[in-house]
Undergrad: 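The structure's right below; bear with me while I get my questions together.
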Amino acid sequence: MNRVNLFLLSVFTCVGWRGECLAGNDPGLSSTNELQEWTLEKQETEQVTFRLADTLLKLRPLTNNAVRVIRSMGIAHEVPELVYLPKKVPDYVLKKEKDGYILSLKNLNVRFSVSDGRISFLSSGGKEIVGEEASLIESSSVQGEKTYVSTQTFHSPFDECLYGLGQFQDGYLNVRGLTRRLTQVNTQIAIPFVMSNKGYGLLWNNYGLTDFNPASSVVALQKTGLGGNKVTVNVTSTEGGKEEVRESNVFVGKLKVESDGQYALMLDVGSVMARRHNLAIDGHTVVNMNNLWLPPTVSILVDLKSGRA
């Protein structure tokens, strides 16, 4: 069996990997510009370019079983290439179909729909490997600088396992359905790459903040008057050694669960680093981590009953 690697580059942030009826992780996207059709703008030796208004999509073959997909809106800024090595572009064939185009390599086919901009990746025999369900690029800003937020949603069957995303402390090996924020801090390594047991891999080639399976709702936690434990520790600062008093706090919130099922939860403590992650639902502790080098977020998959928690 040929292992297929799929590479995607987008402008800024979120990745949504949507599963069938997987509770809590449906970004609710729809295909963009459904009333207009994409057009083939240019076919070159190294890539094929499609256009819809001010949005471009490029299919760039890398090897006989790997294709880079580049989506951009408006003026795309070129950044130094730090991932791909110069290599001879493989031969490909681009064929017009009734509903779009298909780019064929020796071990991989890429189908592009001109009606909704969706991409599907198929084996050389025509069997679908993975398909895109929706995509969205929205204007945004970071620290006053204009940029974009890009979201991709893919179909993931129930029996699929996804491995990767980097080094995390929560212990999950299979990250399918898990909400995870890819932040790079001490003791946590973010690598925007997943490998599927279906025989393909996907690299989200992006230098911006990325959410994998972004949460569909946010529960605001309110600080209570209850104080946690106080502890005095010796720390090293720019002024030398000194004592520091650390105190934990208690926050509460209400969560409405619409139906029984498995939900992905992500706790964000709102700081650069943390020393404790503790989350209890209806008195049942589902997260309890305590050390000097915790990241700002932690994720968990938990079974919940309908009602309020």
Side-chain angles (χ1 to χ4, degrees), residues 13-27 130 153-154 156-204 206 209-219 221 228-229 231 233 246 248-253 255 257 260-305 309:
T13 163
C14 299
V15 179
W17 199 291
R18 180 182 171 188
E20 294 176 332
C21 302
L22 187 64
N25 291 288
D26 185 353
V130 64
T153 306
F154 294 88
S156 176
F158 279 119
D159 62 344
E160 183 171 34
C161 294
L162 295 171
Y163 307 102
L165 298 182
Q167 174 183 297
F168 293 79
Q169 296 189 44
D170 53 34
Y172 282 94
L173 183 61
N174 179 10
V175 297
R176 182 188 181 275
L178 187 70
T179 295
R180 175 157 284 175
R181 179 160 294 163
L182 303 188
T183 47
Q184 183 83 15
V185 293
N186 286 342
T187 73
Q188 179 168 293
I189 299 172
I191 302 174
F193 176 82
V194 290
M195 177 66 72
S196 169
N197 66 334
K198 300 296 184 180
Y200 71 90
L202 186 147
L203 171 67
W204 181 261
N206 191 296
L209 177 64
T210 294
D211 281 349
F212 180 80
N213 278 331
S216 58
S217 60
V218 176
V219 177
L221 301 179
N229 297 328
V231 59
V233 296
R246 296 173 179 171
S248 59
N249 296 288
V250 179
F251 294 78
V252 297
L255 173 66
V257 181
D260 296 355
Q262 186 180 74
Y263 289 80
L265 305 179
M266 185 181 75
L267 175 65
D268 185 352
V269 299
S271 60
V272 177
M273 293 289 291
R275 296 182 179 88
R276 187 181 184 190
H277 291 154
N278 184 274
L279 177 63
I281 300 177
D282 286 341
H284 176 62
T285 299
V286 295
V287 175
N288 189 16
M289 303 172 65
N290 191 356
N291 66 63
L292 295 177
W293 298 100
L294 287 175
T297 61
V298 63
S299 303
I300 187 173
L301 292 171
V302 60
D303 293 321
L304 298 176
K305 297 291 185 179

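Computed from a predicted structure; not experimentally measured. In what follows, every heavy atom counts, from backbone to side chain, and hydrogens, waters and symmetry copies are set aside.
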Undergrad: Distance check, rounded to the nearest 0.5 Å: Leu301 atom CG versus Tyr172 atom OH?
TA: 4.5 Å

Undergrad: Quick one: list whatever passes side chain to side chain contact (heavy atoms under 4.5 Å, CB included) with Gln184, sequence neighbours left out.
TA: Ile189, Ala190

Undergrad: Sequence neighbours excluded, which residues qualify as side-chain hydrogen bond (donor to acceptor under 3.5 Å, both in side chains) partners of Asn174?
TA: none

Undergrad: side-chain hydrogen bond (donor to acceptor under 3.5 Å, both in side chains) with Asp303: which residues, sequence neighbours excluded?
TA: none

Undergrad: Mind checking what makes side chain to side chain contact (heavy atoms under 4.5 Å, CB included) contact with Val302, not counting sequence neighbours?
TA: Leu265, Val286, Leu304

Undergrad: Can you confirm whether Asn288 sits close enough to Arg276 that some side-chain heavy atom of one is under 4.5 Å from a side-chain heavy atom of the other?
TA: yes

Undergrad: Return the CG to CE distance between Leu267 and Met289, rounded to the nearest 0.5 Å.
TA: 10.5 Å

Undergrad: Looking only at atom types and distance, does a side-chain atom of Arg176 sit under 3.5 Å from a main-chain N or O of Pro157, one as donor and one as acceptor?
TA: yes

Undergrad: Output the distance between atom CZ (Phe251) and atom CG (Leu279), rounded to the nearest 0.5 Å.
TA: 13.0 Å

Undergrad: Considering only residues two or more places apart or on different chains, which pairs with a residue in residues 262-273 satisfy salt bridge (charged side-chain N to carboxylate O under 4.0 Å, His left out)?
TA: Arg181-Asp268

Undergrad: I need the minimum non-hydrogen distance between Val269 and Ala274, along with the two atoms involved.
TA: CG2-CB, 3.7 Å

Undergrad: Rounded to the nearest 0.5 Å, what separation is found between the CE atom of Met266 and the CG atom of Asp211?
TA: 5.5 Å

Undergrad: Which pairs pass side chain to side chain donor-acceptor pair (under 3.5 Å) with one or both residues in residues 289-299, sequence neighbours excluded?
TA: Gln169-Asn291

Undergrad: To the nearest 0.5 Å, what is the distance between SG (Cys161) and CG (Leu173)?
TA: 8.5 Å

Undergrad: Taking atom OG1 of Thr179 and atom CD1 of Ile300, what is their separation to the nearest 0.5 Å?
TA: 12.0 Å

Undergrad: With a 4.5 Å heavy-atom cut-off, do Val194 and Phe212 have their side chains touching?
TA: yes

